[in-house]
Structures are given as C-alpha cells and as structure tokens.
Amino acid sequence: MTSRQPSIDYQELSKEIKKWGLELGFQAVGISDLDLSEAGDYLNQWVAKQYHADMDYMHKHGSKRYQPDEMIPGTMSIISLRLDYMNLDLTPYEDLLSQAEKGAVSRYALGRDYHKVIRKKLKQLAQKIEAEAGAFGYRVFTDSAPVMEKAIAEKAGLGWIGKHSNLLNSKAGSYFFLGEIYTDLPLPADKKATFHCGSCTACLDACPTAAIVAPFQVDGRRCISYLTIENHGAIPLEFRKAMGNRIYGCDDCQMVCPWNKFTSNTSVSDFYPRNDLDAPDLVTLFAWSEVEFLSKTEGSPIRRIGYLAWLRNIAVALGNAFTGHAEKDEAITQALLGQKAKVSDDMVCEHIDWALSQRTL
Ligand code: SF4
C-alpha cells in the first residue's frame, strides 16, 4: 500500500467512487469498515462443525479472512460492488428441473467466467480513482478465498445475508456477483444492511438435500453446489437421486426466495449463455470428448471442475433421467454410457454403473 494524499475530502471521494462504479456498470457500490469480527466468529463455528467439507481454503488463511488489514497491511476501508448476472429471457430454471433429459446449470455459470469480467471492471474503477485522487494502495478481489465478501457487502449496505447464507437485496434479489477493492483510503463506512427474511423458511424447505440444516447454516457436505463443483471425489449415493438433473451447481434456494421477484436483467452480454448451456440436452453434453469439453468451456467457470467431474455429474443426471419406459433412444444412451466408461477413471465408472443400474427396466 502506498502513502495517501493528505488533502483529500474522503466523504466527497466516497460519493464519486460510487458514481464511477455505477458508470462502469455495477448495480450497487458501498463502503465497509474492517470490523468483520462477527463474521469471523460465525466462520470459526461453521468450520468447527466440519460444514466446510474439504474446502480447506475456508480456514487455511486463519484470521486473515476476517481481519482485512492482517491480510493486506495498510488497508483502511473496503469498496464493495454488485454486478447482476441473471438473464430473464432464458428458460426458467424451475421449468428446466422438470425436463429430465435436460441438464440444469446454475445460472451464474452460463457465460464468460465472472472472475475475469469483474476483475477487469474493478481495475478500471481503481484506475479512475487513481486518475482523479492520486496514487493509492489497493488490491481487487472477486470470489477470492481469503475474502469474506458477503459479510463485507452486508456491512457496506448492499444487502443482508439470508437464511440460505447468500446475500440478498430487497430491490434486486440475490442473482448477482460481488467484487471488492481493499484500499488504504480511509473512506467513511456505510450503514450495515438490515435483515428482512422475517419468518420465511422457503429456502430451508426447498433445498433438495436438506443442506440448510438451520438458518444461516449450510452443511457443505450435503450441498449440491459443493458436490458438483468443489468436490473432486464421488457423489455420495444418498444425494444422487436428489440431484435430479442439476449438473453444475444448484439454484433452488434462490429460485424459491420471494425477494427474487425483483431480479432485473443483466446488462453484461458476457454473462449470456454459451453453447446452449441454459437448456442443454444431457446426451449431447455427455457425448463431448475431453477436447470438446476444453474448447467449449474455454473462458467459462465450468472448465475448472475438469472433464471427469463433468462426466460424473452428467452420469448421475442420466441415471435420474430414466422415465421407467423403454425409449427409442435408450439403446443409444446406454451405449454412450458404456463408451464413456472406457475413457473414465474408477470414480466416474462407478457413477456410470450407477446410472446404468437406474436405467434398467
Ligand atoms: S427464501 Fe426466505 S428465508 Fe431464505 S433467504 Fe429468501 S427470504 Fe430469507
């Protein structure tokens, strides 16, 4: 972090930063102070219950996660920003869940990797601040392991952390990404957002695997987002039926949230779907070779799970897609499952065997 200019009116600068953030396409901008002690206590209790599964990044940074100036010495405030990603013109996610031959991909992952899109915008904002206010120290983040971005956004007034543990906003719902700029500018903090879930429990009731074990307590080991994305091993048998056709992530807790009736269309064309991933045929996706997978997911967040986890997830969905009647294409699907077993490892083969066992009349 660099030394800052002594003559800056930080109240005024804060207003300007919010204006520039909106001009760059963000939907909301707020400022958080550095006191994340409440979020740190919550995190430590959550990890103690093993709810983080094998996501070691949740605790390996220790107190740096909730003490921002320990992670980046000299940090004085954090700029938090929101970027909406939902495209309302697509097949609604809830309709997709009842079309067993289709795959349901979490809506945030349909287009270009949000990390790239948001980091670029955050850097543009930092450069604008530098150009107008002089040199300052900063680091930009989005969905980065050492940063408690939902707690920061809540403190910056962007929304409250709902019972499903996502951030939500009473005018915008929850289909958005967050980004942060850690800065050595002592910007005045905004007011923390207030809580508006009330007595609602829709997300707890709707979770297909009962992963929201209590309000604000998501057991990662049961969560379909974890099982299909972060998890590199087998998907436990007890969750396979409940996965349905969810092949990458799960939006159910957001889908049922009443605040999402206020969702707006994204203004970022990079988030529009690629390769028909908004309503893809399972068989078509499963037929992709590894080369096709790598080429069709280039620049997409899906690429990072790798080809084998991709096959694993789709195999489970194909197991769940069987209607119990002999279909004319059944032989083709079964042959494809058999073919992929030849290019898979033992873990994926076991999922393929499971899928074939589900497709037996
Ligand atoms: S579904 Fe209900 S309880 Fe869950 S986050 Fe939305 S408002 Fe809160």
Side-chain angles (χ1 to χ4, degrees), residues 27-28 30 32 36 38-39 41-43 45-46 49 51-53 55 58 80-88 90 92-98 104-109 114 143 147-179 190-230 239 242-244 246 249-266:
Q27 278 72 48
S32 167
L36 303 177
E38 205 179 309
D41 290 345
Y42 163 79
L43 173 70
Q45 286 167 23
W46 185 76
K49 291 176 184 159
Y51 288 165
H52 63 298
M55 295 180 280
M58 287 289 185
S80 173
L81 305 102
R82 184 190 106 214
L83 189 64
D84 296 349
Y85 62 75
M86 183 54 98
N87 185 331
L88 296 167
L90 307 178
Y93 186 81
E94 54 269 43
D95 293 356
L96 213 50
L97 294 180
S98 58
V105 175
S106 191
R107 304 285 93 174
Y108 80 83
Y114 57 98
D143 190 23
V147 176
M148 296 192 78
E149 63 178 10
K150 289 182 273 188
I152 290 167
E154 185 175 50
K155 288 214 70 179
L158 265 52
W160 73 95
I161 295 176
K163 293 179 189 176
H164 51 16
S165 87
N166 294 309
L167 196 83
L168 67 160
N169 179 288
S170 59
K171 295 191 178 66
S174 62
Y175 294 113
F176 50 74
F177 299 118
L178 295 168
D190 285 302
K191 263 173 69 175
K192 182 178 174 181
T194 49
F195 180 70
H196 297 285
C197 282
S199 59
C200 175
T201 57
C203 53
L204 286 90
D205 302 338
C207 179
T209 51
I212 312 175
V213 293
F216 321 108
Q217 299 280 330
V218 177
D219 184 345
R221 298 167 299 186
R222 307 182 66 88
C223 175
I224 293 172
S225 280
Y226 165 78
L227 293 169
T228 55
I229 300 173
E230 307 280 349
F239 303 125
M243 262 177 63
R246 299 168 187 83
C250 173
D251 282 352
D252 288 43
C253 62
Q254 299 192 85
M255 178 181 86
V256 298
C257 179
W259 294 104
N260 271 327
K261 67 179 174 223
F262 298 114
T263 303
S264 300
N265 248 329
T266 183

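Indexing begins at 1, ligand by ligand and atom by atom, following the structure's order.
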Indicate if the distance from atom 2 (Fe) of ligand 1 to the nearest N, O or S atom of H164 falls below 2.8 Å. no

| said: In this structure, is the centre-to-centre distance between the rings of F216 and F195 below 6.0 Å? | reply: yes

Under 30°, 30 to 60°, or over 60°: which ring-plane class applies to W46 and H52, parallel, tilted or perpendicular? tilted

* Mind checking whether W160 and W259 have parallel, tilted or perpendicular rings, split at 30° and 60°? -> perpendicular

*Would you please say whether a donor-acceptor pair under 3.5 Å links the side chains of D251 and S106?*
yes

Atom 4 (Fe) of ligand 1 contact by C253, N, O or S atom under 2.8 Å: no

Quick note on ligand 1: atoms under 4.0 Å from a heavy atom of C257 include exactly 1 (S), 6 (Fe), 7 (S)

The closest protein heavy-atom partner of atom 8 (Fe) of ligand 1 is C197 SG, 2.2 Å

Ligand 1 to W259, heavy atom cutoff 4.0 Å, flagged ligand atoms 7 (S)

Ranked by distance from atom 2 (Fe) of ligand 1, the top protein heavy atom is C200 SG, 2.3 Å

- prompt: Quick check: are there more than 12 heavy atoms from other residues, nucleotides or ligands sitting under 6.0 Å from CD of E38?
  reply: no

among protein heavy atoms, the one nearest atom 4 (Fe) of ligand 1 is C203 SG, 2.3 Å

Within the distance-only criterion (no hydrogens, no angle test), does the side chain of N260 pair as donor or acceptor with the backbone N or O of M255 below 3.5 angstrom? no

